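Input: a single structure, listed below in C-alpha coordinates.
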Amino acid sequence: MLTLALDTSGKTAAVAVLDDERLLCDILSNSGRNHSETLLKMIDDALLNIGATTKDIDLLCCTLGPGSFTGLRIGISTIKGLAAATGKPIAGVSSLAALAINVEKTENKTICAVMDAGRGFVYTASYLPDENGFVGPVTPERVIRPEEVLHHSFGPVILVGDGAVKYQNQIIEKAESVSLAGRTFHFIRGSSVGYLGIRQFRQNNILDIAHALPVYMRPVDAAPSKSLFDH
(Lines give C-alpha, C1' and ligand atoms only; values in the text may rest on other atoms or scores of the structure.)
Protein backbone atom coordinates (compact mmCIF):
# COMPACT_ATOMS: atom_id res chain seq x y z
CA MET A 1 0.00 0.00 0.00
CA LEU A 2 1.51 3.30 -1.11
CA THR A 3 0.82 6.22 1.23
CA LEU A 4 1.39 9.91 0.51
CA ALA A 5 1.64 11.97 3.69
CA LEU A 6 2.11 15.69 4.23
CA ASP A 7 2.30 18.35 6.90
CA THR A 8 1.87 22.12 6.59
CA SER A 9 0.80 22.90 10.16
CA GLY A 10 3.87 24.95 11.08
CA LYS A 11 6.72 26.92 9.54
CA THR A 12 8.05 23.82 7.78
CA ALA A 13 6.43 21.76 5.04
CA ALA A 14 6.91 18.00 4.86
CA VAL A 15 6.03 15.30 2.34
CA ALA A 16 6.71 11.57 2.52
CA VAL A 17 5.83 8.41 0.60
CA LEU A 18 5.66 5.04 2.32
CA ASP A 19 5.15 1.49 1.06
CA ASP A 20 3.26 0.05 4.00
CA GLU A 21 5.63 0.93 6.89
CA ARG A 22 8.70 1.14 4.66
CA LEU A 23 9.75 4.74 4.10
CA LEU A 24 10.53 5.49 0.45
CA CYS A 25 10.98 9.25 0.47
CA ASP A 26 10.90 11.95 3.16
CA ILE A 27 11.24 15.64 2.21
CA LEU A 28 11.31 18.57 4.64
CA SER A 29 11.38 22.24 3.63
CA ASN A 30 12.33 24.99 6.07
CA SER A 31 12.84 27.64 3.40
CA GLY A 32 10.50 30.21 4.94
CA ARG A 33 8.48 30.35 1.72
CA ASN A 34 4.69 30.10 1.75
CA HIS A 35 3.49 26.50 1.69
CA SER A 36 1.34 27.31 -1.34
CA GLU A 37 4.58 27.96 -3.24
CA THR A 38 6.39 24.78 -2.23
CA LEU A 39 3.95 21.98 -1.41
CA LEU A 40 2.91 20.82 -4.89
CA LYS A 41 6.52 20.84 -6.08
CA MET A 42 7.52 18.79 -3.03
CA ILE A 43 4.78 16.25 -3.80
CA ASP A 44 5.91 16.04 -7.43
CA ASP A 45 9.53 15.59 -6.34
CA ALA A 46 8.64 12.86 -3.85
CA LEU A 47 6.63 10.89 -6.41
CA LEU A 48 9.29 11.38 -9.10
CA ASN A 49 11.90 10.11 -6.63
CA ILE A 50 10.13 6.74 -6.35
CA GLY A 51 8.90 6.58 -9.95
CA ALA A 52 5.21 6.89 -9.09
CA THR A 53 2.26 9.20 -9.83
CA THR A 54 -0.75 10.21 -7.77
CA LYS A 55 -2.71 7.44 -9.50
CA ASP A 56 -0.44 4.89 -7.79
CA ILE A 57 -1.17 6.20 -4.28
CA ASP A 58 -3.54 4.10 -2.13
CA LEU A 59 -3.85 6.34 0.95
CA LEU A 60 -3.56 10.10 1.52
CA CYS A 61 -2.62 11.48 4.95
CA CYS A 62 -2.24 14.94 6.41
CA THR A 63 -2.12 16.77 9.70
CA LEU A 64 -5.42 18.38 10.74
CA GLY A 65 -4.00 20.64 13.44
CA PRO A 66 -3.45 22.36 15.66
CA GLY A 67 -1.18 24.78 13.87
CA SER A 68 -1.02 27.68 11.46
CA PHE A 69 -4.45 28.65 10.14
CA THR A 70 -3.19 29.32 6.63
CA GLY A 71 -0.84 26.35 6.61
CA LEU A 72 -3.53 23.90 7.66
CA ARG A 73 -5.93 25.19 5.03
CA ILE A 74 -3.29 24.73 2.32
CA GLY A 75 -2.44 21.19 3.40
CA ILE A 76 -6.01 19.99 3.83
CA SER A 77 -7.20 21.65 0.61
CA THR A 78 -4.37 19.93 -1.26
CA ILE A 79 -5.11 16.51 0.18
CA LYS A 80 -8.85 16.92 -0.50
CA GLY A 81 -8.08 17.90 -4.08
CA LEU A 82 -5.95 14.81 -4.53
CA ALA A 83 -8.67 12.64 -2.99
CA ALA A 84 -11.32 14.12 -5.28
CA ALA A 85 -9.11 13.50 -8.32
CA THR A 86 -8.05 9.95 -7.42
CA GLY A 87 -10.90 8.63 -5.30
CA LYS A 88 -8.41 7.51 -2.65
CA PRO A 89 -9.18 7.61 1.12
CA ILE A 90 -7.89 10.26 3.52
CA ALA A 91 -6.55 9.78 7.05
CA GLY A 92 -6.11 12.84 9.25
CA VAL A 93 -3.75 12.97 12.24
CA SER A 94 -2.90 15.33 15.07
CA SER A 95 0.05 17.65 14.47
CA LEU A 96 1.11 17.24 18.10
CA ALA A 97 1.00 13.44 17.93
CA ALA A 98 3.06 13.50 14.72
CA LEU A 99 5.59 15.69 16.49
CA ALA A 100 5.70 13.45 19.56
CA ILE A 101 6.54 10.26 17.67
CA ASN A 102 9.71 11.92 16.33
CA VAL A 103 11.31 11.49 19.73
CA GLU A 104 13.37 8.42 20.52
CA LYS A 105 11.28 6.53 23.02
CA THR A 106 12.63 6.43 26.56
CA GLU A 107 11.04 4.19 29.14
CA ASN A 108 9.01 5.98 31.83
CA LYS A 109 9.40 9.41 30.21
CA THR A 110 6.47 11.52 29.10
CA ILE A 111 6.85 13.18 25.68
CA CYS A 112 5.43 16.70 25.73
CA ALA A 113 4.87 18.18 22.25
CA VAL A 114 4.86 21.99 22.20
CA MET A 115 4.14 24.07 19.08
CA ASP A 116 4.40 27.85 18.90
CA ALA A 117 0.86 29.25 18.60
CA GLY A 118 1.95 32.88 18.34
CA ARG A 119 1.15 35.85 20.59
CA GLY A 120 2.91 34.24 23.54
CA PHE A 121 0.87 31.00 23.52
CA VAL A 122 1.64 27.39 22.63
CA TYR A 123 -0.29 24.33 21.49
CA THR A 124 0.61 21.33 23.62
CA ALA A 125 -0.26 17.78 24.61
CA SER A 126 1.63 15.05 26.45
CA TYR A 127 2.05 11.44 25.36
CA LEU A 128 3.45 8.12 26.53
CA PRO A 129 4.99 5.69 24.03
CA ASP A 130 3.51 2.22 23.66
CA GLU A 131 5.24 -1.06 22.91
CA ASN A 132 4.77 -0.54 19.15
CA GLY A 133 6.56 2.80 19.04
CA PHE A 134 3.42 4.90 18.84
CA VAL A 135 2.26 7.41 21.43
CA GLY A 136 -0.94 7.64 23.44
CA PRO A 137 -2.20 10.95 24.83
CA VAL A 138 -2.09 11.50 28.58
CA THR A 139 -3.30 15.12 28.45
CA PRO A 140 -5.74 16.78 26.05
CA GLU A 141 -4.57 19.15 23.34
CA ARG A 142 -4.57 22.68 24.74
CA VAL A 143 -3.61 26.23 23.85
CA ILE A 144 -1.98 27.80 26.91
CA ARG A 145 0.84 30.02 28.15
CA PRO A 146 4.29 28.36 28.09
CA GLU A 147 4.66 28.48 31.87
CA GLU A 148 1.52 26.30 32.17
CA VAL A 149 2.81 23.46 29.98
CA LEU A 150 4.07 21.25 32.81
CA HIS A 151 1.32 22.01 35.35
CA HIS A 152 -0.29 18.59 34.81
CA SER A 153 2.83 16.55 34.08
CA PHE A 154 4.35 14.01 36.44
CA GLY A 155 7.73 12.30 36.35
CA PRO A 156 10.50 12.80 33.79
CA VAL A 157 9.47 14.77 30.67
CA ILE A 158 11.02 15.24 27.22
CA LEU A 159 9.99 18.46 25.46
CA VAL A 160 9.80 18.59 21.66
CA GLY A 161 8.70 21.19 19.11
CA ASP A 162 9.44 24.74 18.05
CA GLY A 163 7.42 26.03 21.01
CA ALA A 164 9.60 24.01 23.37
CA VAL A 165 12.73 25.51 21.84
CA LYS A 166 11.37 29.07 21.82
CA TYR A 167 10.00 29.01 25.37
CA GLN A 168 12.23 26.45 27.06
CA ASN A 169 13.24 28.85 29.84
CA GLN A 170 9.64 29.64 30.77
CA ILE A 171 8.57 26.00 30.51
CA ILE A 172 11.33 24.41 32.57
CA GLU A 173 11.67 27.15 35.19
CA LYS A 174 11.23 25.51 38.61
CA ALA A 175 10.69 22.13 36.90
CA GLU A 176 12.72 19.01 37.61
CA SER A 177 13.57 16.00 35.42
CA VAL A 178 12.79 17.88 32.20
CA SER A 179 14.94 17.70 29.07
CA LEU A 180 14.77 19.07 25.53
CA ALA A 181 14.79 16.66 22.59
CA GLY A 182 17.70 16.78 20.14
CA ARG A 183 17.67 19.58 17.59
CA THR A 184 16.72 17.29 14.67
CA PHE A 185 13.41 16.25 16.29
CA HIS A 186 11.61 19.59 16.51
CA PHE A 187 10.01 19.55 13.05
CA ILE A 188 7.10 17.34 11.96
CA ARG A 189 8.23 14.80 9.37
CA GLY A 190 6.00 13.53 6.61
CA SER A 191 7.00 10.00 7.59
CA SER A 192 5.58 10.52 11.09
CA VAL A 193 2.28 11.67 9.57
CA GLY A 194 2.33 8.62 7.31
CA TYR A 195 2.91 6.11 10.12
CA LEU A 196 0.04 7.59 12.13
CA GLY A 197 -2.20 7.79 9.07
CA ILE A 198 -1.62 4.15 8.16
CA ARG A 199 -2.53 3.18 11.70
CA GLN A 200 -5.74 5.24 11.43
CA PHE A 201 -6.58 3.55 8.13
CA ARG A 202 -6.09 0.08 9.58
CA GLN A 203 -8.41 1.01 12.41
CA ASN A 204 -10.97 2.07 9.78
CA ASN A 205 -10.70 5.68 10.91
CA ILE A 206 -11.07 7.43 7.56
CA LEU A 207 -12.17 10.99 6.87
CA ASP A 208 -15.19 11.94 4.82
CA ILE A 209 -13.76 14.22 2.14
CA ALA A 210 -16.65 16.67 2.58
CA HIS A 211 -15.98 16.98 6.30
CA ALA A 212 -12.17 16.96 6.39
CA LEU A 213 -11.61 20.24 8.20
CA PRO A 214 -8.71 21.84 10.11
CA VAL A 215 -8.72 21.53 13.90
CA TYR A 216 -8.55 25.11 15.14
CA MET A 217 -7.94 25.56 18.86
CA ARG A 218 -8.41 29.33 18.89
CA PRO A 219 -10.46 31.87 16.93
CA VAL A 220 -8.95 33.08 13.67
CA ASP A 221 -6.60 36.04 13.68
CA ALA A 222 -9.30 38.27 12.25
CA ALA A 223 -11.18 38.10 15.56
CA PRO A 224 -10.75 40.91 18.10
CA SER A 225 -7.43 40.41 19.85
CA LYS A 226 -8.89 40.73 23.33
CA SER A 227 -10.91 37.52 22.89
CA LEU A 228 -8.35 35.40 21.00
CA PHE A 229 -7.71 33.01 23.83
CA ASP A 230 -10.86 33.24 25.94
CA HIS A 231 -11.76 29.85 27.33
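Predicted model, so just to flag it, every value in this text is computed and none were measured.
Under the 4.5 Å side-chain heavy-atom criterion for grouping Ile, Leu, Val, Met, Phe, Trp and Tyr, I209 is connected to L6 within one hydrophobic cluster. Linking ILVMFWY side-chain heavy atoms closer than 4.5 Å, directly or via other members, places L82 and I50 in a single hydrophobic cluster. Using a 4.5 Å cut-off between side-chain heavy atoms of Ile, Leu, Val, Met, Phe, Trp and Tyr, with links allowed through other members, L2 and I90 fall into the same hydrophobic cluster. L28 and V165 are members of different hydrophobic clusters when ILVMFWY side chains are connected at heavy-atom separations under 4.5 Å.
Summarising the geometry, atom CZ belonging to F187 is positioned 11.5 Å from atom CE belonging to M115; distances are rounded to the nearest 0.5 Å. Atoms CG and CD, on N169 and E147 in that order, are 12.0 Å from each other to the nearest 0.5 Å. Note that the CG atom of N49 and the SG atom of C25 stand 4.0 Å from one another [nearest 0.5 Å]. Summarising the geometry, atom CD1 belonging to I79 is positioned 7.0 Å from atom SG belonging to C61; distances are rounded to the nearest 0.5 Å. To the nearest 0.5 Å, atoms CZ (R145) and CD (Q170) are separated by 10.5 Å. Here the straight-line distance linking atom CG of L128 with atom OG1 of T110 works out to 4.5 Å at 0.5 Å rounding.
In this structure the side chain of D20 never reaches within 4.5 angstrom of the side chain of I198, judged on heavy atoms. Side-chain atoms of V149 and V122, non-hydrogen and from C-beta on, do get closer than 4.5 Å to each other. Taking the side chain as every heavy atom from C-beta outward, T53 and L47 never approach each other to under 4.5 Å. Side-chain contact between V135 and P137: absent, with no pair of heavy atoms (C-beta onward) separated by less than 4.5 Å. Counting heavy atoms from C-beta outward, T124 and L96 have side chains that stay 4.5 Å or more apart. A 4.5 Å side-chain heavy-atom check between T86 and I57 finds every atom pair outside the cut-off. Within the 4.5 Å cutoff, no side-chain heavy atoms of P129 are placed close to those of K109. Looking at heavy atoms from C-beta onward, C112 lies in side-chain contact with V114 at the 4.5 angstrom threshold.
With hydrogens and angles ignored, the 3.5 Å screen pairs a side-chain donor or acceptor of H186 with a backbone N or O of A181. Not a single donor-acceptor pair under 3.5 Å links the side chain of Q200 to the backbone N or O of I206. Distance alone, capped at 3.5 Å, is enough to place a donor-acceptor pair between the H35 side chain and the G10 backbone. A side-chain donor-acceptor contact under 3.5 Å links T8 to the backbone of G75. Between the D7 side chain and the A14 main chain, no donor and acceptor come within less than 3.5 Å of each other. Between the side chain of D58 and the main chain of T3, no donor-acceptor pair closer than 3.5 Å is present. For the pair T78 (side chain) and I74 (backbone), a donor-acceptor distance under 3.5 Å is present. For the pair S95 (side chain) and P66 (backbone), a donor-acceptor distance under 3.5 Å is present.
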### Task
Decide yes or no on side-chain contact (heavy atoms from CB on, under 4.5 Å) for S179 and V157, but give the supporting numbers first.
CA-CA 6 Å; S179 58; V157 175; over 6 Å; no
### Task
Show your working on side-chain contact (heavy atoms from CB on, under 4.5 Å) between L207 and L64 and close with a plain yes or no.
CA-CA 11 Å; L207 293 175; L64 299 178; 4.0 Å; yes
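Minimum heavy-atom separation, T139 to S126: OG1-N, 2.8 Å. Across all their heavy atoms, V138 and Y127 have their closest contact at CG2-N, 3.8 Å. The minimum heavy-atom distance linking L213 with I76 is given by the pair C-CD1, 3.8 Å. S192 approaches I101 most closely through the heavy-atom pair O-CD1, 3.5 Å. In plain terms, the two heavy atoms of P146 and I171 that are nearest each other are O-CG1, 3.4 Å. Contact detail for A13 and M42: the closest heavy-atom pair is O-CE, 3.3 Å.
Of the residues listed (L18, L59, V15), the one engaging L4 in a side-chain contact (heavy atoms from CB on, under 4.5 Å) is V15, and it is the only one.
One finds a salt bridge joining D130 and R199 here, because a Lys/Arg side-chain nitrogen approaches an Asp/Glu carboxylate oxygen to under 4.0 Å. A salt bridge does not link D56 to K88: none of the charged nitrogens lies less than 4.0 Å from a carboxylate oxygen. Classification of K41 and D44 as a salt-bridged pair fails, no side-chain N sitting under 4.0 Å from a carboxylate O. One finds no salt bridge joining D162 and K166 here, because no Lys/Arg side-chain nitrogen approaches an Asp/Glu carboxylate oxygen to under 4.0 Å.
Checked by atom type, the side-chain pair N30/T12 shows no donor-acceptor distance below 3.5 Å.
Within 6.0 Å of atom CG in N204, 12 or fewer heavy atoms from other residues, nucleotides or ligands are found, so the atom counts as exposed in its surroundings. Atom NZ of K11 has 12 or fewer heavy atoms from other residues, nucleotides or ligands within 6.0 Å.
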